[in-house]
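For reference, the structure discussed in these notes is given below.
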Amino acid sequence: MFSFHYHTPTEIVFGRNAECQVGELVQKTQCRKLLLHYGGGSVIRSGLLDRIKAALEEKNIAYTELGGVVPNPRLSLVYQGIELCRREQVDFILAVGGGSVIDSSKAIAYGLANEGDVWDFYEHTRQAHASLPIGVVLTIAAAGSEMSDSSVITKDEGMVKRGYNSDLCRPVFALMNPELTMTLPDYQTACGCTDILMHTMERYFTSGGNMELTDALAEGLMRTVLKNALILRDNPRDYDARAEIMWASSLSHNGLTGCGNSGGDFATHGLEHELGGMFDVAHGAGLAALWGSWARYVWKDCAPRFYRFAKMVMQIPAPDPEEAKTNPSFYEEAFVKETILKGIEAMEDFYRSIHMPTNLRELGVEPTEEQLRTMAHMCSLAAGGVKGSAKKLYEEDMLQIYRMAL
Ligand code: NZQ
Ligand code: ZN
C-alpha cells in the first residue's frame with residue numbers, strides 16, 4: 001500500500017432543488033462580483049440559468065455572464081473570460097454546466113490569480129500558485145470536475161488538448177440535483193457513464209500496490225454504474241438511477257478510488273485527449289472507442305488486476321483470486337487468460353449495449369496513418385515520454401493501440 005494525500009474541500013449539496021441554495025452558498029464566500037459561466041444553450045432552454053440569476057438577485061449578488069463554452073472547451077474563450085473578469089473586477093466564478101464549463105471556469109480562475117499566459121500551466125512549463133474560488137451547479141454527470149483537481153482545455157490553434165492538475169482548482173461547492181440531468185440527450189448520458197467508469201478503471205488498473213478497501217469501493221462504484229446506466233438507457237427519467245450516476249461521477253474522480261494505489265494508469269485518457277483534440281469527439285465516446293484495444297494490448301503485464309476486474313466487476317464466474325496466495329502458478333493457468341478476455345469482452349458488450357463505440361470506425365473517425373503517428377507522438381510528448389501503470393507505454397506502443405482501434 002502506498003501513502004497518500006486525499007484532499008476534497010468541496011461542499012456538496014445533493015438532491016432535488018439543490019440549485020435553489022446557490023444564493024446562500026455564494027453569500028458564504030463573501031465575493032464582491034461573480035462570473036456566471038455556461039455552455040452552448042441547454043441551461044437557457046431548460047430555464048435553469050434564469051432560476052440561478054433570480055436566486056442571485058434575491059441575495060443582491062452582483063454578477064456578469066459569459067456563455068458559449070463548447071465541449072472540449074477552448075482556450076480562446078478562456079482568454080475572453082479572463083479579460084472580462086479583469087474589467088468587471090470579478091472575484092468568484094460560478095460554473096453552471098458540465099465538465100467543459102467547469103474546466104473553462106478553472107482555467108479562467110488560474111488566469112486571474114497568476115501572472116502570465118494561463119496556457120503555460122497546461123503545457124506544464126510552470127506551476128500555478130493560486131486560483132480564484134469556483135462554485136458549480138452541475139447539469140451532467142460525467143467528468144467529475146465538480147470535485148476533481150483537474151481541468152482540460154483545448155488550444156484552438158492546432159487543436160491541442162491538454163490537462164492540468166492542482167488542488168488549487170477544486171471547487172468550493174457543488175450543487176447537484178439529479179433531476180437537472182434528465183434533459184440530457186441519451187448519447188451524452190451514455191458518454192457520461194463511460195467517463196465515470198473510466199475514472200475508476202484508470203485508477204484500478206495498476207501494476208503497483210493497492211488497498212483492499214479502495215478496491216472494494218472501486219468495484220462497488222463500477223458495478224453501480226454498470227447497473228444504473230442500463231436503467232437510464234431504458235428509462236432516462238428514473239430519479240434514483242440519475243442520483244446513483246451523479247454521485248458516482250464525483251466519487252470516481254475526486255481521488256477516493258485511488259487512495260493507497262500507485263497513482264493509476266490514465267493511458268486511455270492520454271490517448272483520448274489526442275483524439276478529442278484532433279477530431280473534437282465527445283470525451284466518453286472517445287474513451288469507449290479506445291479502451292478495448294488498450295486492454296488487449298496491456299493485460300498480460302497486469303493479469304492479477306484484469307482477472308479481479310473480470311470476476312468482481314464484470315461478474316464472470318471464476319475461482320477466487322485469493323487462491324493465488326496459496327497457488328504460486330495461479331496466474332499461469334489457462335482459465336485465467338480465458339476469464340480476463342471474457343471480462344474485456346463483457347465491458348465492450350456493455351459499451352455496445354448503451355450505444356457507445358468500441359472502435360474508431362464506430363466513433364465516426366477514420367484517421368490516416370500519418371494522423372495516428374501524430375497522435376501517438378503528441379500523446380507521448382504530453383506524458384513526458386512514457387504513460388501508464390498497467391503497462392508502461394512508449395510512443396510505439398501508443399501507435400500500436402491506435403492502429404488496433406481502427
Ligand atoms: O453546452 P450545452 O448547451 O450546455 O450542452 C452540453 C454539451 O453539449 C450538454 N449538456 C450538459 N448538461 C445538459 C446538456 N444538455 C441537456 N441537458 C443538460 N442538463 O452536454 C454536452 C456535453 O457537455 P460537457 O460539459 O462537454 O460534458 P462533460 O461533463 O462530459 O465534459 C467533457 C469535458 O471534460 C473533460 C473532457 O476532456 C471534456 O473536455 N474532462 C474533464 C475532467 C476534469 N476536469 O476532471 C476529467 C475528464 O477525464 C475529462 O477529461
Ligand atoms: Zn474522463
Side-chain angles (χ1 to χ4, degrees), residues 10 19 37-49 67-75 77-78 95-107 109-110 122 134 136-155 159-167 169-171 174 176-203 236 242 245-246 249-250 252-255 264-277 280-288 290-291 382:
T10 311
E19 70 279 14
H37 201 30
Y38 53 91
S42 73
V43 295
I44 299 173
R45 289 190 296 279
S46 67
L48 176 64
L49 192 67
V69 180
V70 293
N72 299 320
R74 305 297 199 268
L75 182 62
L77 193 75
V78 170
V96 184
S100 295
V101 174
I102 304 168
D103 287 3
S104 183
S105 302
K106 288 177 174 178
Y110 282 134
Y122 294 84
I134 294 167
V136 173
V137 179
L138 191 64
T139 65
I140 171 172
S145 188
E146 64 278 7
M147 285 183 92
S148 84
D149 67 349
S150 166
S151 70
V152 187
I153 296 295
T154 297
K155 185 179 187 177
M159 288 295 278
V160 183
K161 183 171 173 175
R162 290 285 173 270
Y164 179 60
N165 291 52
S166 152
D167 277 336
C169 78
R170 292 191 195 258
M176 296 167 57
N177 175 358
E179 274 177 332
L180 296 182
T181 66
M182 288 184 186
T183 51
L184 278 168
D186 294 343
Y187 182 73
Q188 288 297 340
T189 298
C191 284
C193 292
T194 304
D195 195 19
I196 296 165
L197 278 169
M198 279 301 312
H199 290 151
T200 289
M201 286 156 73
E202 296 279 26
R203 291 170 166 89
R242 287 278 175 201
I245 294 290
M246 194 175 226
S249 129
S250 305
S252 193
H253 204 32
N254 75 351
D265 189 85
F266 285 94
T268 313
H269 265 73
L271 294 164
E272 194 289 327
H273 283 174
E274 298 312 319
L275 196 62
D280 204 14
V281 294
H283 173 62
L287 292 170
L290 293 169
W291 184 79

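If you're wondering where the values come from, they're calculated on a predicted model, not measured in any experiment. Quick note: numbers below take in every heavy atom, side chains included, and nothing from hydrogens, waters or symmetry partners. Read the numbers this way: they start at 1 and go in the same order the structure lists the ligands and their atoms.
- Ligand 1 lies out of reach of C191, whose nearest heavy atom is not under 4.0 Å from it.
- The single protein non-hydrogen atom nearest to atom 5 (O) of ligand 1 is S42 OG, 4.0 Å, given as residue, atom name and distance.
- Near T183, meaning under 4.0 Å from any of its heavy atoms, are these atoms of ligand 1: 16 (C), 17 (N), 18 (C), 19 (N).
- For the Zn ion (ligand 2), the set of nearby N, O or S atoms under 2.8 Å includes none belonging to E272.
- Contact between G41 and ligand 1 is present, with at least one heavy atom of the residue lying under 4.0 Å from the ligand.
- Distances from ligand 1 to the non-hydrogen atoms of L180 include at least one value under 4.0 Å.
- In this structure, H273 has a heavy atom closer than 4.0 Å to ligand 1.
- Within the 4.0 Å heavy-atom cutoff, K161 counts among the residues contacting ligand 1.
- Nearest protein neighbour of atom 2 (P) of ligand 1, counting heavy atoms only, is G40 N, 3.4 Å.
- Residue contacts with ligand 1 include S151, since one or more of its heavy atoms lies under 4.0 Å from the ligand.
- Note: an N/O pair closer than 3.5 Å links D103 and ligand 1 by distance alone.
- For the side-chain hydrogen bond (donor to acceptor under 3.5 Å, both in side chains) with K106, the qualifying choice from S145, S151, S166 is S145, the only one to do so.
- Residues R242 and T189 bring a donor and an acceptor atom of their side chains to less than 3.5 Å of each other.
- Of the protein's non-hydrogen atoms, the one nearest atom 25 (O) of ligand 1 is S100 N, 3.0 Å.
- H253 lies apart from the Zn ion (ligand 2) in this respect, since none of its N, O or S atoms is found at a distance under 2.8 Å.
- Atom 33 (C) of ligand 1 lies below 4.0 Å from at least one non-hydrogen atom of the protein.
- The side-chain heavy atoms of H269 and H199, taken from C-beta on, include a pair separated by under 4.5 Å.
- Note: Y110 and Y122 have perpendicular aromatic rings, judged against thresholds of 30 and 60 degrees for the angle between ring planes.
- For D195, the N/O/S atom at the shortest distance from the Zn ion (ligand 2) is named OD1.
- For M198, the heavy-atom gap to ligand 1 stays at 4.0 angstrom or more.
- Atoms OG and CG, on S150 and D167 in that order, are 11.5 Å from each other to the nearest 0.5 Å.
- The pair E274-R162 counts as a salt bridge, with a side-chain nitrogen and a carboxylate oxygen less than 4.0 angstrom apart.
- When the heavy-atom distances from atom 39 (O) of ligand 1 to S46, P73, P71, G99 are ranked, the shortest goes to P73.
- In terms of protein heavy atoms, atom 12 (N) of ligand 1 is closest to T139 OG1, 2.8 Å.
- Checking H283, H253, E272 against atom 46 (C) of ligand 1, the nearest heavy atom belongs to H253.
- There is a side-chain donor-acceptor pair under 3.5 Å between S252 and T200.
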